[in-house]
Amino acid sequence: MKAHDAIRAALTEAAARLGASVAASTIELEQPRDPAHGDLATNLALTLAKSLKQKPRAVADRLVATLTLPQGLVRKIEVAGPGFVNFFLAEAQLATVLAGVLAAGGNYGKGDAGRGTKVNVEFVSANPTGPLHVGHGRGAALGDGIASLLEWTGHAVTREFYVNDAGTQIDKLARSLWARVQQAVGRPADIPEGGYHGEYLIELAAAVLVREGRSFADLPQEEGERRCREIGVRSQRAEQDEDLREFGVKFDVTFFESSVYRDGLLDQTLADLRARGYTYERDGALWLRTTAFGDDKDRVLRKSDGTYTYLLPDIAYHRQKHERGFARAIDVLGADHHGYIGRMRAAMQALGYPADFYHVELVQLVRVVRGGEEVRFSKRSGEFVTLRDLFQETGVDAARYFFLMRRGDAQFVFDVDLAKSQKEENPVYYVQMAHARMSGIFRVAAREPASVRADGVDLAVLVEPEEADLMKEVAAFPGVVARAAETLEPHRVTGYLEGLARRAHGWYHKYRVLGEPEEAARLVLAAAVRHVLANGLNLLGISAPDRM
RNA sequence: GCGCCCGUAGCUCAGGUGGAUAGAGCAGCAGCCUUCUAAGCUGUUGGUCGGAGGUUCGAAUCCUCCCGGGCGCACCA
């Protein structure tokens, strides 16, 4: 709603007259829980009190005295409590938001705070050594949600998946698969230490023998393992791609570790780090002085045996993101990688990049519970519950919503029974149902929601308290999106949607739309609420069904 | 031993750059279907915000210590 912007702008000016400089976007302007505290309230005076060395109430009084707002926006301003400034909007002001929502439609809630900044969001990035598990699913939902939030706030976003197709994990995959091939033709063979024991490699070995013929197993070991490496990576990549596609996640770029070697990026990166003076030799190894940027200890780039550690290709890869023109590189990583953050951030600074170029969002582990008991292992993957098992059982919408409804850095219990429930207890159904109900009104009225216009409709008849509440909530949506994008926290959006859905259900239950004197105005309200529910759900990659 | 994340109602979790009486959902209890979906709504019970100090006019929020849970601390990736 433009009221938010107008009030923020006016507060910025008023603060300037008191000698304080604040950016309009940083001013807290919230809808108080208690309606007696107005439609919008700011704690600006409280936050300025310290720096101005005055009492909060005095600051608030002076702020209000110098505040100049556009005519007709506000009917009353109060200073209350310890120094809050409460704004009571003019009656007609509230309804103006509805016209704005209908005009913007699917774009309502978008902003341009990002001003086209190029941002790279890397997520999932699972090794191509086995099926994706639920932890990857949480990372996928969160990474995709963060990417969408950044798009909605005007950033140019690239969704990226990094494939470790060159490391020792791949060697283990190759040797594990080769062992399964040998076992399949009746020869004794052991899965190598630290190899992959999941049943999927037994299935794959059988498929390979069918396709390539049983003589495949007679290849010399070296060639057999080489072929197994290719086949294994290709097949696991294909399965992961398919899982992600069905989960509704689409990447713009798939980046292969092997290309880092092929394109000579390692040497360039090493040369850069050397030239900037952050490397040194000791004990026959080449070290990076990450302690210069707050890391616990320096890190080895090249081992004394002449081979590189994993760190160098990773640095080269992130250096390459910078070369591609990204202002920010956000990695969504599992919490077990947190030891990695310090050294990578240090490496980025050693390359001379701004401290905020590299950012990591950690995703804590997921526990899956069904029937009150933890589901731990999947026979097929040999370790955790697979993402595919999960979304096939609960549906993609429920799985994505559940992954998004909690902060990423909190451990999370995924209740499969709750996700499958088709009652109000299940938040995703609850929100989708609110959307379906709004749609139902138009279905019965035999009208397209898109055909509803606010002009010519007298919105002043929307006088019920529940209607004022709904309009305020609708007006708050762009701010919620902006804040969620700033903090990279999609759960703010699910929380908002649940609140909006609750108000929508309550209103729907208490008042009728069709056949009432207020029909035209209420159709406008229903269409606006429906838009916001749909926009919020779509932003998170969740469908907004018209009927359920 | 060192580092990071977490500890809020019976359960799952918001709130965390200090601000008005700590919120929601579920579960519990009491009600509501000739109506555009009861896949819903209304009311209600329930809290020493892990503990102890500290900073502040004001602390769930910031600082210190302690307790509990998770995860990391390689010339592994």
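Just so we're on the same page: letters track the sequence lines, and every chain starts at 1.
Within the 4.0 Å cut-off from OP1 or OP2 of B/C36, not a single side-chain nitrogen or oxygen of A/Lys510 is found. One finds a side-chain N or O of A/His491 lying less than 4.0 angstrom from the OP1 or OP2 phosphate oxygen of B/G15. Residue A/Arg367 places none of its side-chain N or O atoms closer than 4.0 Å to OP1 or OP2 of B/U12.
Counting any heavy atom pair closer than 4.0 Å across all strands shown, A/Arg483 reaches a base atom. Note on A/Phe414: nothing from the nucleic acid sits closer than 4.0 angstrom, heavy atoms only. The residue A/Ala335 sits close only to the backbone: its heavy atoms come under 4.0 Å of sugar-phosphate atoms, none of a base. Counting non-hydrogen atoms under 4.0 angstrom, A/Asp417 reaches nothing in the nucleic acid. Base engagement by A/Gln422 is indicated by at least one non-hydrogen atom pair under 4.0 Å involving a base atom. No contact: A/Asp415 has no heavy atom under 4.0 Å from any strand. Among the heavy atoms of the strands lying under 4.0 Å from A/Arg512 is at least one base atom, whether or not backbone atoms are also near. Using a 4.0 Å heavy-atom criterion, one finds that A/Tyr508 contacts the bases of the nucleic acid, with or without backbone contacts as well. Using a 4.0 Å heavy-atom cutoff across all strands shown, A/Asn43 reaches no nucleic acid atom at all. Within 4.0 Å (heavy atoms only), A/Ile341 reaches no atom of the nucleic acid at all. As judged by a 4.0 angstrom heavy-atom cut-off over every strand, A/Gly495 is placed among residues making no nucleic acid contact. Using a 4.0 Å heavy-atom cutoff across all strands shown, A/Val513 reaches at least one base atom of the nucleic acid. Residue contacts for A/Arg343: at a heavy-atom cut-off of 4.0 Å it reaches a base atom on one of the strands shown.
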Distances under 3.5 Å between nitrogen or oxygen atoms of protein and nucleotides 6-9 of chain B:
residue	atom	partner	partner atom	Å
B/C6	OP1	A/Arg407	NH2	3.0

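Relative to the ring axis of A/Phe161, A/Arg237 places its NZ or CZ within 45° and under 6.0 Å from the centre.
Comparing B/C75, B/C41, B/G15 by their closest approach to the side chain of A/Glu489 singles out B/G15. Listed nucleotides B/G16, B/C26, B/A77 differ in distance to A/Arg492; the shortest reach to its side chain belongs to B/G16. Between B/A77, B/A20, B/U12, one nucleotide has an atom nearer to the side chain of A/Pro82 than all others, and that is B/A20. In the set B/A74, B/A20, B/A39, B/A20 carries the atom at the smallest distance from any side-chain atom of A/Ala41.
Residues forming a salt bridge (Lys or Arg N to Asp or Glu O under 4.0 Å) with A/Arg328 (at least two apart in sequence, or on another chain): none. Annotation: side chain to side chain donor-acceptor pair (under 3.5 Å) contacts of A/Lys297 (sequence neighbours excluded): none. Scored by the side chain to side chain donor-acceptor pair (under 3.5 Å) test, A/His37 finds no partners at all (sequence neighbours excluded). Scored by the side-chain contact (heavy atoms from CB on, under 4.5 Å) test, A/Glu498 finds A/Tyr401, A/Pro427, A/Val431, A/Thr494 as partners (sequence neighbours excluded). Listed by chain and number, the residues in a ring pair (Phe, Tyr, Trp, His ring centres under 6.0 Å) with A/Tyr340 amount to none (sequence neighbours excluded). Under the side-chain contact (heavy atoms from CB on, under 4.5 Å) criterion, A/Ala528 pairs with A/Leu98, A/Val101, A/Leu102, sequence neighbours left out. Considering only residues two or more places apart in sequence or on other chains, A/Asp409 meets the side-chain contact (heavy atoms from CB on, under 4.5 Å) condition with A/Arg407. A/Ala521 meets the side-chain contact (heavy atoms from CB on, under 4.5 Å) test with A/Val457, A/Leu459, A/Val461, A/Leu462; sequence neighbours excluded.
Atom CZ of A/Arg443 is separated from atom C1' of B/U35 by 15 Å (rounded to the nearest Å). The distance from atom CG of A/Leu418 to atom P of B/U12 is 12 Å, rounded to the nearest whole Å. The distance between atom CG of A/Leu44 and atom P of B/A20, rounded to the nearest whole Å, is 16 Å. The CE-C1' distance, from A/Met405 to B/A14, rounds to 12 Å in whole Å. Straight-line distance from the CG atom of A/Asp295 to the C1' atom of B/C4: 13 Å, rounded to whole Å. A straight line from OH of A/Tyr429 to P of B/A39 spans 13 Å, rounded to a whole angstrom. Atom P of nucleotide B/G19 and atom CG of A/Leu63 are separated by 18 Å, given to the nearest angstrom. Look at CG on A/Leu470: it is 13 Å from P on B/C41, rounded to the nearest Å.
Sequence neighbours left out, not one pair with a member in residues 333-348 of chain A passes salt bridge (charged side-chain N to carboxylate O under 4.0 Å, His left out).
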Only Watson-Crick and G-U wobble pairs with both distances less than 3.5 Å should count. Give RNA chain B in dot-bracket notation, marking inter-strand partners with |. (((((((..((((.....[...)))).(((((.......))))).....(((((..]....))))))))))))....
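Ion pair A/Arg370/A/Glu393 flagged as a salt bridge, since at least one NZ, NE, NH1 or NH2 atom sits closer than 4.0 Å to an Asp/Glu carboxylate oxygen.
A distance of about 35 Å separates the C1' atoms of B/C36 and B/C11, rounded to the whole Å. Nucleotides B/A24 and B/U44 have their C1' atoms positioned 16 Å apart, rounded to a whole Å. A gap of 16 Å separates the P atoms of B/A74 and B/C2, to the nearest Å. The same atom, P, is picked in B/G16 and in B/C62; the two are 10 Å apart, to the nearest Å. Comparing the P positions of B/G1 and B/A9 gives a spacing of 29 Å, expressed to the nearest Å.
Taking the O4'-C1'-N9-C4 or O4'-C1'-N1-C2 dihedral as appropriate, B/C49 has a value more than 90° from 0 and is therefore anti.
Under the side chain to side chain contact (heavy atoms under 4.5 Å, CB included) test applied with A/Val360, the options A/Ile330, A/Leu333, A/Val332 reduce to a single match, A/Leu333. Among A/Phe391, A/Phe123, A/Phe414, the single residue meeting the ring pair (Phe, Tyr, Trp, His ring centres under 6.0 Å) criterion with A/Phe403 is A/Phe414.
Evaluation of A/Tyr430 against the base of B/A39 yields no stacking contact (centre distance < 5.5 Å, interplanar angle < 30° required). By the criterion of a centre-to-centre distance under 5.5 Å and near-parallel planes under 30°, the ring of A/His37 forms a stack with the base of B/A20.
Proximity of residues 300-308 of chain A to RNA chain B (heavy atom under 4.0 angstrom from any strand atom) is restricted to A/Val300, A/Lys303, A/Ser304.
Surrounding CZ of A/Arg443 are more than 12 heavy atoms belonging to other residues, nucleotides or ligands, all under 6.0 Å away.
Aromatic ring centres of A/Tyr162 and A/Phe256: separated by at least 6.0 Å.
Judged by distance alone, with hydrogens and angles left aside, A/His338 brings a side-chain donor or acceptor within reach of the base of B/G3, the pair sitting under 3.5 Å. For B/A77, the base has no donor-acceptor partner in the side chain of A/Asp171 [N/O atoms by modelled type, under 3.5 angstrom].
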